[in-house]
*Asks:* 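Got a structure here, written out as structure tokens. Questions coming.
All values reported here derive from a predicted model rather than from experimental measurement. Naming: A, B, ... by sequence-line order, numbering from 1 per chain.
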Amino acid sequence: MEYNFRAIEENWQKTWKENKVYQVKKDTGKPKCYVLDMFPYPSGSGLHVGHPLGYIASDIYSRYKRLKGFNVLHPMGYDSFGLPAEQYALETGQHPAVTTENNINNFRAQLEKIGFCYDWSREIRTSDPSYYKWTQSIFLDLFNSWYDRRISKARPIGELEATFEQEGTFGIASFFTEKKSFDAIEWAAFSKKEQEDILMDYRLSFSSYGEVNWCEALGTVLANDEVVNGFSERGGFPVVKKKMRQWYLRITEYADRLLQGLDKIEFTDSLKEQQKNWIGKSTGAEISFEVTSSALTTGDKKVLTVYTTRPDTIFGVDFMVIAPEHELVKQITTERQRTSIDDYLNYTKSRSDRERMAEVKQITGCFTGAFAINPFDGREIPVWIAEYVLIGYGTGAIMGVPCGDTRDFNFARFFDLPVTNIIGKHFNGTEANTTKEAILENSGFLTGTSMKEATELVVSKLEATGMGKRKVNFRMRDAGFSRQRYWGEPFPITWKDGSARALDKNELPLELPFVEEYGPGPEGEGPLANITEWTNLPDGSKRETSTMPGYAGSSWYFLRYMDPHNNAEFCSREASDYWNQVDLYIGGTEHAVGHLLYSRMWTKFLFDTGRISFDEPYKKLVNQGMITGKSFFVETYHAASADGRTAVLLSSAEKMLPVGPLDINGTVWTIDAESRQSSRLRYAHKYIDAVGRLAKSQIEKLFVEQPDQTIDLNSIIIYFNSKDLTETGEPFLSGTVVEKMSKSKYNVENPDDIVINYGADTFRMYEMFLGPIEMSKPWDTKGIEGVHRFLKKLWRLFFDEITGKVWNEQKAIAAELKVLHRCIRKIDDDTEKFSFNTAVSAFMVCINELTDLKCHKKEVLEKILILLAPYTPHITEELWHQLGNPGTILDAPFPEFEESHVIESSKEYPVSVNGKVRTTIHISLDASQQDVEVIVQNNDTIKKWLGEAAPKKIIYVKNKMINIVV
RNA sequence: GCCCGGGUGGCGGAAUUGGUAGACGCAGCAGACUCAAAAUCUGCCGUUCGCAAGGAUGUAUCGGUUCGAUUCCGAUCCCGGGCACCA
């Protein structure tokens with residue numbers, strides 16, 4: 001009887017499906033465990049071997065937890081709204097709904113072949129109206145809420161309105177009260193429109209004007225990903241910033257809680273770090289400086305407020321820099337400086353973001369002629385403007401402390417400004433020193449105090465005199481929430497006379513209308529703007545025409561799995577109370593600051609509104625690494641000949657073609673520095689021979705099959721190692737590079753092929769065996785043989801090809817039980833720790849040992865099968881039934897580890913003197929440390945080494961080694 | 001530039017967190033079975049000296065702590081990821 005994996009896997013996948021083995025129900029008799037994968041975007045190219053890595057890991061963990069007696073929720077669904085489907089629609093005219101449906105079916109078929117234990121009855125799709133009804137509904141909840149800073153919690157907007165009516169903004173701490181405050185009488189005097197505008201500022205999802213990437217030539221708004229160096233990815237047209245009405249989520253109100261929440265969840269340090277950087281909390285102070293300028297009339301006081309994280313360096317301020325867009329610039333610029341300032345302003349205006357990005361290190365700036373007065377020592381400090389100071393962060397103004405800040409120092413040196421040294425010997429005059437540990441010198445009343453103390457002193461003095469105050473700043477901006485696109489959730493919002501009105505909840509879902517054309521609407525609006533019969537409503541109002549971004553649906557999807565068919569709520573409180581947080585969330589790092597931050601915010605909001613009982617969605621996150629592929633390539637260089645022709649020259653990876661003229665076949669081709677910026681032409685593995693070479697005929701075929709628009713087929717010259725290959729016909733050494741798998745790189749490995757050749761169990765196990773789950777590693781199909789051999793070996797413990805059944809019911813001996821129990825402990829540990837690669841190794845060791853022991857005993861094998869069941873579900877289920885067991889192996893009890901089987905009565909320890917190993921002695925394991933000393937002292941050999949006059953000093957016994965230190 | 005990771009055989013990677021480095025698998029070499037192949041099994045497999053027993057050396061480089069360092073500390077060099085004029 002052979003291991004026929006195809007028949008076994010097909011049979012069990014069918015049986016599991018028919019018997020609904022993986023359907024989950026609420027079961028309060030068992031502890032729950034929620035294991036979730038980041039749901040995929042169903043792209044057209046299907047799965048490659050990298051995708052299932054995380055899914056396999058979560059599947060193993062789910063099955064393991066189920067064996068351990070947990071009620072496990074392990075669902076799967078699709079993040080099915082998104083740009084690629086829409087782009088595909090633009091190109092082919094196929095409706096995104098159709099392609100999405102096809103892609104999902106394809107994904108599901110691929111996933112099913114790998115044998116996952118998903119509860120498919122809970123499948124969700126973000127593009128399904130029954131799903132996005134609730135995305136819209138939560139959006140409306142955000143719209144109808146504001147954030148009360150006094151209690152750090154979202155509250156209904158109606159309560160804010162009531163407060164305004166009674167007492168105005170008095171006592172309300174929110175984002176806008178600092179900018180606009182009023183009392184109840186003033187509030188009542190505002191027009192309806194004014195009131196609505198004020199309320200809009202407080203809403204957690206709000207509409208405001210913001211900049212978008214606008215591409216005039218394409219007539220459309222582009223996502224950041226679609227803009228490359230200021231040009232559109234498609235077509236290469238220039239992209240500029242354009243102000244448009246946009247929707248935003250006021251995630252900044254949650255910044256502090258998002259930061260603090262990190263402490264109570266298990267994310268990797270690097271991911272927490274990324275989120276912290278993104279939130280970018282900095283504590284410092286705002287300091288006000290009085291400005292003197294000949295442009296100001298006497299009595300006309302102007303105050304410049306800067307933000308600094310280093311108030312302790314106040315005596316080291318040698319200049320001020322304010323953003324060119326700063327409102328003070330016009331007012332304080334002196335007559336003498338006006339022309340230069342105007343020139344500089346024109347210069348910055350002429351510079352696009354693209355240029356500002358490209359020339360980051362260039363120092364520019366201009367003196368305004370005005371001076372700021374240092375409030376502590378009355379020094380006059382010149383005020384400059386420079387484009388490196390951003391109007392959007394802090395106060396749009398900084399104080400320059402050249403001795404303590406690298407950028408400030410470079411600025412001072414460039415413009416030849418004097419540098420005040422407040423840190424004494426820490427400052428060497430040629431480079432700034434950013435230390436926070438110095439004792440201040442040359443600093444007025446701060447001289448002699450440490451920087452830490454000085455910070456406190458300055459801030460309290462500032463607050464006492466009203467010249468400044470403590471201030472916390474966040475780098476994070478409110479999240480843009482609208483996209484001028486078709487394939488996304490429509491906003492449940494209508495507009496009339498410039499005011500937004502929310503749809504009533506019972507009007508949801510607001511379904512996405514069917515369109516024939518996916519081109520942009522007028523004025524940068526989305527495609528929906530073209531469907532006037534949908535946008536224009538009978539009462540004269542108009543629907544919002546943008547749609548929600550990809551992260552809308554994914555911000556709360558983990559809740560929907562808990563109660564996927566609920567028509568009355570997004571998820572019943574009962575279901576969310578039971579399933580609670582996601583215990584284990586597996587996905588890639590690419591969502592570190594996007595999805596993971598937004599869904600944390602939504603969860604906090606839903607918690608605030610009392611809809612769920614927890615405010616962090618994911619208890620533990622594991623990032624799976626990427627599986628990379630090996631791609632093969634040649635370098636291509638564009639060259640020009642004297643007679644005006646152009647050609648493409650090929651070279652291998654190792655040998656770059658030199659810049660300069662090349663004489664090939666009597667024609668001189670020139671490669672200049674620019675065309676030396678070669679591009680890599682990649683090709684499929686099949687073109688390469690056994691030693692990694694390309695034959696000349698293959699290269700020619702390659703160019704016919706993979707035509708490159710920029711290459712004229714007639715002008716390709718295959719050139720390598722100073723030889724023109726068109727003459728010699730010599731094979732060409734292919735370059736290789738390990739990189740992310742992608743269809744366009746011809747390095748994709750398809751899981752279906754592996755499953756057909758080796759089976760799903762082998763595939764699953766091999767993916768885990770490749771290396772630690774969170775590491776990225778290259779795919780190598782060759783190694784899969786070893787894992788497949790392991791499964792065959794396992795099978796042979798039960799069945800022999802010729803004699804059939806070999807397993808028996810004999811009693812296990814001590815040696816066999818030792819192998820078994822060591823395996824139990826290792827697998828239990830490793831699975832719990834997600835160390836799946838070492839677990840697979842442990843299985844191999846275990847099966848090797850049992851094979852050596854010729855152990856075919858049911859008593860042992862049955863337990864091994866249970867341990868192995870999460871990893872290779874099909875073969876274990878089959879063998880489990882062959883042993884005469886009913887049901888599914890997942891309902892079997894997890895084998896218990898008994899230490900007594902593993903303990904050795906006596907163990908051989910190496911004995912060393914001063915770290916040098918001399919011999920080994922036997923020590924019984926229950927011996928205490930004193931006993932060891934006795935043994936050592938009584939051991940003649942050891943005594944001989946130590947000699948009579950050299951008694952032992954220290955004896956370490958640590959698991960493996962006894963060392964005598966003399 | 002800044003912030004996180006990480007550097008171990010020909011390759012993917014182990015090492016109970018300071019205790020005999022290289023588990024497990026791939027590739028390679030030798031052998032058994034076979035007419036032959038496949039499948040299966042056995043042995044060898046960091047480098048170096050040696051017929052061998054065995055010795056020396058070895059975890060990116062240099063230095064330190066320790067009886068003992070892949071592990072801890074300091075400096076340097078590479079590789080990967082993230083952020084980027086954030087005051």
*Asks:* Is the phosphate of rU40(B), meaning OP1 or OP2, less than 4.0 Å from a side-chain N or O of K792(A)?
*Replies:* yes

*Asks:* Nearest to the side chain of V389(A), which nucleotide is it out of rA87(B), rC85(B), rG13(B)?
*Replies:*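 That would be rA87(B).
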
*Asks:* With both distances kept under 3.5 Å, what pairs with rG31(B), Watson-Crick or G-U wobble?
*Replies:*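 For rG31(B), the partner nucleotide comes out as rC41(B), under the 3.5 Å rule.
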
*Asks:* Take atom CG of N848(A) and atom P of rA14(B), then tell me their distance rounded to the nearest Å.
*Replies:*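 Atom-to-atom, N848(A) to rA14(B), this comes out as 19 Å.
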
*Asks:* Taking only the side-chain heavy atoms of P772(A) (C-beta and beyond), determine which of rG12(B), rG13(B), rG82(B) contains the nearest atom.
*Replies:*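 The answer is rG13(B), which lies nearest to the side chain.
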
*Asks:* Counting only side-chain nitrogens and oxygens, does R825(A) get under 4.0 Å of the OP1 or OP2 atom of rU16(B)?
*Replies:* no

*Asks:* ring-ring contact (aromatic ring centres under 6.0 Å, His included) with W384(A): which of F367(A), F319(A), F414(A)?
*Replies:*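 That would be F367(A).
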
*Asks:* Please tell me if N837(A) has a side-chain N or O lying less than 4.0 Å from either OP1 or OP2 of rA14(B).
*Replies:* yes

*Asks:* Return the 5'-most residue of the pair F474(A), V787(A) with respect to RNA chain B, ranking by each residue's nearest nucleotide.
*Replies:*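 It is V787(A), whose closest nucleotide lies nearer the 5' terminus.
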
*Asks:* Return the nearest nucleotide to the side chain of F769(A); candidates are rC24(B), rA87(B), rC4(B).
*Replies:*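 Selected nucleotide: rC24(B).
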
*Asks:* What is the pairing partner of rG46(B), taking Watson-Crick or G-U wobble pairs with both distances under 3.5 Å in any strand?
*Replies:* rU57(B)

*Asks:* Using a heavy-atom cut-off of 4.0 Å across all strands, would you classify K793(A) as base, sugar-phosphate, or nothing?
*Replies:* sugar-phosphate

*Asks:* So, is Y393(A) close to the rA87(B) phosphate, meaning a side-chain N or O under 4.0 Å from OP1 or OP2?
*Replies:*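 For Y393(A), the contact criterion (side-chain N or O under 4.0 Å from OP1 or OP2 of rA87(B)) is met.
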
*Asks:* With syn defined as a glycosidic angle within 90° of 0 and anti as the rest, where does rG9(B) land?
*Replies:*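 Here the answer is syn: the torsion falls within 90° of 0.
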
*Asks:* In terms of heavy-atom contacts, does NZ of K452(A) have more than 12 from other residues, nucleotides or ligands at under 6.0 Å?
*Replies:* no

*Asks:* Name all residues meeting the side-chain contact (heavy atoms from CB on, under 4.5 Å) criterion together with E286(A); count only those two or more places apart in sequence or in a different chain, and write none if there are none.
*Replies:*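 By the side-chain contact (heavy atoms from CB on, under 4.5 Å) rule, E286(A) matches T305(A), Y307(A), T395(A), K469(A), K471(A).
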
*Asks:* If you only use heavy atoms from C-beta on, which nucleotide in rA87(B), rG12(B), rA39(B) is closest to the side chain of K777(A)?
*Replies:* rG12(B)

*Asks:* Quote, to the nearest angstrom, the C1' distance that separates rC83(B) from rG13(B).
*Replies:* 31 Å

*Asks:* Which nucleotide, rA27(B), rC86(B), rG13(B), lies nearest any side-chain atom of R407(A)?
*Replies:* rC86(B)

*Asks:* Do D830(A) and T838(A) have side-chain N/O donor and acceptor atoms under 3.5 Å apart?
*Replies:* yes

*Asks:* Just by distance, with hydrogens left out, do D318(A) and T420(A) show a side-chain donor and acceptor under 3.5 Å apart?
*Replies:* yes

*Asks:* State whether N277(A) places a side-chain N or O below 4.0 Å from either non-bridging phosphate oxygen (OP1 or OP2) of rC86(B).
*Replies:*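 Negative; the distance criterion is not met.
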
*Asks:* From the list rA27(B), rC41(B), rA87(B), which nucleotide is the closest neighbour of the side chain of K782(A)?
*Replies:* rA27(B)

